[in-house]
**Q** 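Dropping a structure here in structure tokens format, bear with me for questions.
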Amino acid sequence: MGTPGREMRIPLLEEQEEVVPDRITSVLVLSAFFAVCGSYVFGNAVSYSSPAESGIMDELGLSLAEYSVFGSLLTVGGLLGALCSGKIADLIGRRGAMWVIDVAGIIGWCAIFLSESAWSLDLGRLLLGFGVGLASYVVPVYIAEVTPKNLRGGFVSLCMLVIACGMSMTYIIGTVLNWRILACLGTPQRNKLVGLFLVPESPRWLAKIGRERDMEAALQRLRGKNADISKETSEIEIYIETLQEVSEYRIFYIFQRKYAQALTVGLGLMVFQQLGGLNAYAFYMSSILERAGASSTAGSITTAIVQLAANIAAVFLMDKFGRRPLLLVSASGACLAGFLIGLSFLLQDYHQSTDVVSALTFIGIVVFTGFFSIGLGGIPWIIMAEIFPINVKGSAGSLVNLVSWIGSWLVAYTFSYFFEWSSAGVFFVFSGICCSAILFIAKMVPETKGRTLEEIEASMTS
């Protein structure tokens, strides 16, 4: 066992000919499909409280304060799930962790569906949050570990696309369905629970726990029966052998200097993602539009369409142009959007035309939705799944996930107060944070496109 300060060097086999197949196989597609079903339920759970509000409050007689507790418990559950996400994924595997997500989600949705009082609603929402917090780490990590390097970005970005689909479907269908029936939109989780029996475990996790034969069998299934997996197998085995000389330490071990760059990048991207205003736009879009005199219905429909289109574009652009360019474009667009909305409310304070104010606000929200979805919405999770060595991936992933959920809660909880205090000022702050994100990305974030996980992790700890 190596000492904590020992420098870890990973042979990259760069001199060998590239023979890892990059074609898409049926097993790879099935693995990604059943994994991203968790992302669909993520979007479903996040957006459920908006269309279900009036139905639940009327039928169960909840006060506004009681319903606010119900809505906020998703974030509390997410924090709990984030705290233990890395350890669960390391202890029982990526596939085992996804089973935990499914069980928590099924029980949570059933509790909501059968609720006759506030306590069962809250319990269901808390369990959903726990599953969502766990899924936000496990799903991108699993997909990153099973896909070839030249397809990894596109496949992992499917997570954000499916989250967008879950949110859009819930918003649209929620306008015509009863809240109990709407809870049944969590049924893909049941299908995923069965489907996980059909897909392999992460080869890298299998190698880490010493199951080399199972690792080779899983990798062969993922790459195809006749694929040559010798180079990829060798890279994984050499990487794991080197890691075996370094003990898997507790969370404080990740604060060593050699992990400083990876930790700074992972935490920094999550901080900018959340403090750039994500939950302010997502949770309070109707209030923002109505304050500006714009139509909240038109805004909801337009942003849903733009969000889906941007996430579809991200799937195809991710491995073509790389992570850094999309992040830079995304942060620039989010910066512009915050400035436009801040300017609109500043004009409103000076009693300018309502048409100008509403138009600028509407444009700003649509611009934010499109640009944020194409980069800052999903790429931080992809990079988080790529940059941490597997011996600290559990602890580092839990920490990064926890910071993300704390930022999510912070913005969601404080925005309404800041919005009342200065409707223009809060968006100028969001714009400034996104401007800082541009500088951070340009200076600190590495390009991971077209590189194996072993190559990325070695370069971040050298």
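Because the structure is a prediction, the values reported are computed rather than measured.
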**Q** Does the side chain of F33 reach to within under 4.5 Å of the side chain of L28, using non-hydrogen atoms?
**A**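 Of all side-chain heavy-atom pairs linking L28 with F33, none is under 4.5 Å.
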
**Q** Assess whether a salt bridge exists between E420 and R291, defined as any Lys/Arg side-chain N lying under 4.0 Å from an Asp/Glu carboxylate O.
**A** yes

**Q** Could I get the full list of salt bridge (Lys or Arg N to Asp or Glu O under 4.0 Å) partners for E201, not counting sequence neighbours?
**A** none

**Q** Measuring from atom CD1 of I173 to atom SG of C184, what distance do you get when rounded to the nearest 0.5 angstrom?
**A** 11.5 Å

**Q** Any chance you could measure L83, atom CG, to F130, atom CZ, to the nearest 0.5 Å?
**A** 9.5 Å

**Q** With a sphere of 6.0 Å drawn around CZ of F428, does it hold more than 12 non-hydrogen atoms of other residues, nucleotides or ligands?
**A**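 Count over threshold, so yes.
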
**Q** Parallel, tilted or perpendicular: which describes the rings of F368 and Y281, with under 30° parallel and over 60° perpendicular?
**A**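 F368 vs Y281 ring planes: parallel.
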
**Q** Could you list the residues that satisfy side chain to side chain contact (heavy atoms under 4.5 Å, CB included) with L347, not counting sequence neighbours?
**A**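 Once residues adjacent in sequence are excluded, the partners of L347 under the side chain to side chain contact (heavy atoms under 4.5 Å, CB included) criterion are L343, Q352, V356, V357, L360.
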
**Q** Counting only N and O atoms by type, is there a donor-acceptor contact under 3.5 Å from the side chain of Q274 to the main-chain atoms of V411?
**A** no

**Q** Taking the side chain as every heavy atom from C-beta outward, state whether I101 and F42 have any atom pair closer than 4.5 Å.
**A** no

**Q** Would you please test T302 and F362 for side-chain contact (heavy atoms from CB on, under 4.5 Å) and show each step?
**A** CA-CA 9 Å; T302 304; F362 187 91; 3.6 Å; yes

**Q** Measure the NZ-CD1 distance between K87 and I92 for me, rounded to the nearest 0.5 Å.
**A**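 CD1 of I92 is found 13.5 Å from NZ of K87.
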
**Q** Which is it for E232 and I236 under the side-chain contact (heavy atoms from CB on, under 4.5 Å) test, yes or no, and what are the steps along the way?
**A** CA-CA 6 Å; E232 191 170 7; I236 294 173; 4.2 Å; yes

**Q** Quick check against the 3.5 Å criterion: does S358 have a side-chain atom that pairs as donor or acceptor with the backbone of T354?
**A** yes

**Q** Taking all heavy atoms of L128 and all of G105, pick out the closest pair and write down the distance.
**A** CD2-O, 3.7 Å

**Q** Does any donor atom in the side chain of R323 or T448 lie under 3.5 Å from an acceptor atom in the other side chain?
**A**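 T448 and R323 do have a side-chain donor-acceptor pair below 3.5 Å.
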
**Q** side-chain contact (heavy atoms from CB on, under 4.5 Å) for L263 and L399? Distances and angles first, verdict last.
**A** CA-CA 9 Å; L263 200 60; L399 178 61; 4.0 Å; yes

**Q** May I ask you to decide if I441's main-chain N or O and R324's side chain share a donor-acceptor pair within less than 3.5 Å?
**A** yes

**Q** Are M57 and E66 close enough, and set up right, to give a side-chain contact (heavy atoms from CB on, under 4.5 Å), and what steps lead you there?
**A** CA-CA 9 Å; M57 291 181 68; E66 288 174 320; over 6 Å; no

**Q** Taking all heavy atoms of T264 and all of F440, pick out the closest pair and write down the distance.
**A** O-CZ, 3.4 Å

**Q** Between L327 and L269, is any pair of side-chain heavy atoms under 4.5 Å apart?
**A**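 In short, these two side chains touch, coming nearer than 4.5 Å.
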
**Q** Is there side-chain contact between S202 and K208, with at least one heavy-atom pair below 4.5 Å?
**A** no

**Q** Any chance you could measure I163, atom CD1, to Y40, atom OH, to the nearest 0.5 Å?
**A** 12.5 Å

**Q** Please name the pair of heavy atoms, one in V199 and one in R95, separated by the smallest distance, quoted to 0.1 Å.
**A** O-NH1, 2.5 Å

**Q** Of all the heavy-atom pairs spanning T361 and S344, show the shortest one and how long it is.
**A**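 Taking T361 first and S344 second, the nearest heavy atoms are OG1-OG, 2.8 Å.
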
**Q** Backbone N or O of L222 within a donor-acceptor pair of the T25 side chain at under 3.5 Å?
**A**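 It does hold such a pair.
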
**Q** Are W405 and Y137 close enough that their ring centres sit under 6.0 Å apart?
**A** no

**Q** Hey, does the side chain of R94 reach the backbone of Y142 with a donor-acceptor pair shorter than 3.5 angstrom?
**A** no

**Q** Within the side chain of N401, is there an N or O that forms a donor-acceptor pair under 3.5 Å with the backbone of S85?
**A**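 No, the answer is negative, given that no donor and acceptor are paired below the 3.5 Å cut-off.
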
**Q** Does the S330 side chain pair with the main chain of L376, one donor and one acceptor, at a distance under 3.5 Å?
**A**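 It does hold such a pair.
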
**Q** Kindly indicate whether the side chain of C165, heavy atoms from C-beta on, has any atom under 4.5 Å from the side chain of L308.
**A**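 They are in contact (side-chain heavy atoms under 4.5 Å apart), so the answer is yes.
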
**Q** If the condition is side chain to side chain contact (heavy atoms under 4.5 Å, CB included), which residues does S431 pass it with, not counting sequence neighbours?
**A** C335, F339

**Q** Any chance you could measure I107, atom CD1, to D102, atom CG, to the nearest 0.5 Å?
**A** 11.0 Å

**Q** Tell me whether the count of non-hydrogen atoms from other residues, nucleotides or ligands lying under 6.0 Å of CZ in F418 goes above 12.
**A**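 Counting neighbours around CZ of F418, 12 or fewer heavy atoms of other residues, nucleotides or ligands fall under 6.0 Å, so no.
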
**Q** Between V162 and N311, is any pair of side-chain heavy atoms under 4.5 Å apart?
**A**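 No, side chains not in contact.
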
**Q** List in chain and number order the residues that pass ring-ring contact (aromatic ring centres under 6.0 Å, His included) with F430, two or more places apart in sequence or in another chain; answer none if no residue qualifies.
**A**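 Checked F430 against ring-ring contact (aromatic ring centres under 6.0 Å, His included); matches are F427.
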
**Q** Would you compute the distance between atom CG of L127 and atom CD1 of I112 and round it to the nearest 0.5 angstrom?
**A** 9.0 Å

**Q** Taking all heavy atoms of G377 and all of Q273, pick out the closest pair and write down the distance.
**A** O-NE2, 3.1 Å

**Q** Are the side chain of R125 and the backbone N or O of T75 linked by a donor-acceptor pair below 3.5 Å?
**A** no

**Q** Hey, does S115 have a side-chain heavy atom less than 4.5 Å from the side chain of I56?
**A**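 Counting from C-beta outward, I56 and S115 never come under 4.5 Å.
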
**Q** Should S332 and I438 count as side-chain neighbours, where that means a heavy-atom distance under 4.5 Å?
**A**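 S332 reaches I438 side chain to side chain.
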
**Q** With sequence neighbours left out, what residues match A313 under side chain to side chain contact (heavy atoms under 4.5 Å, CB included)?
**A**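 Only L317, I374 meet the side chain to side chain contact (heavy atoms under 4.5 Å, CB included) criterion with A313.
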
**Q** Would you mind listing every side-chain hydrogen bond (donor to acceptor under 3.5 Å, both in side chains) that reaches into residues 364-381, with sequence neighbours excluded?
**A** none

**Q** Does the ring center of W179 lie less than 6.0 Å from the ring center of F113?
**A** no

**Q** In this structure, are over 12 heavy atoms from other groups packed under 6.0 Å from F372 atom CZ?
**A** yes

**Q** Can you name the closest pair of heavy atoms from F419 and V426 and give their distance?
**A**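 For F419 and V426, the tightest heavy-atom pair comes out as CD1-CG1, 4.1 Å.
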
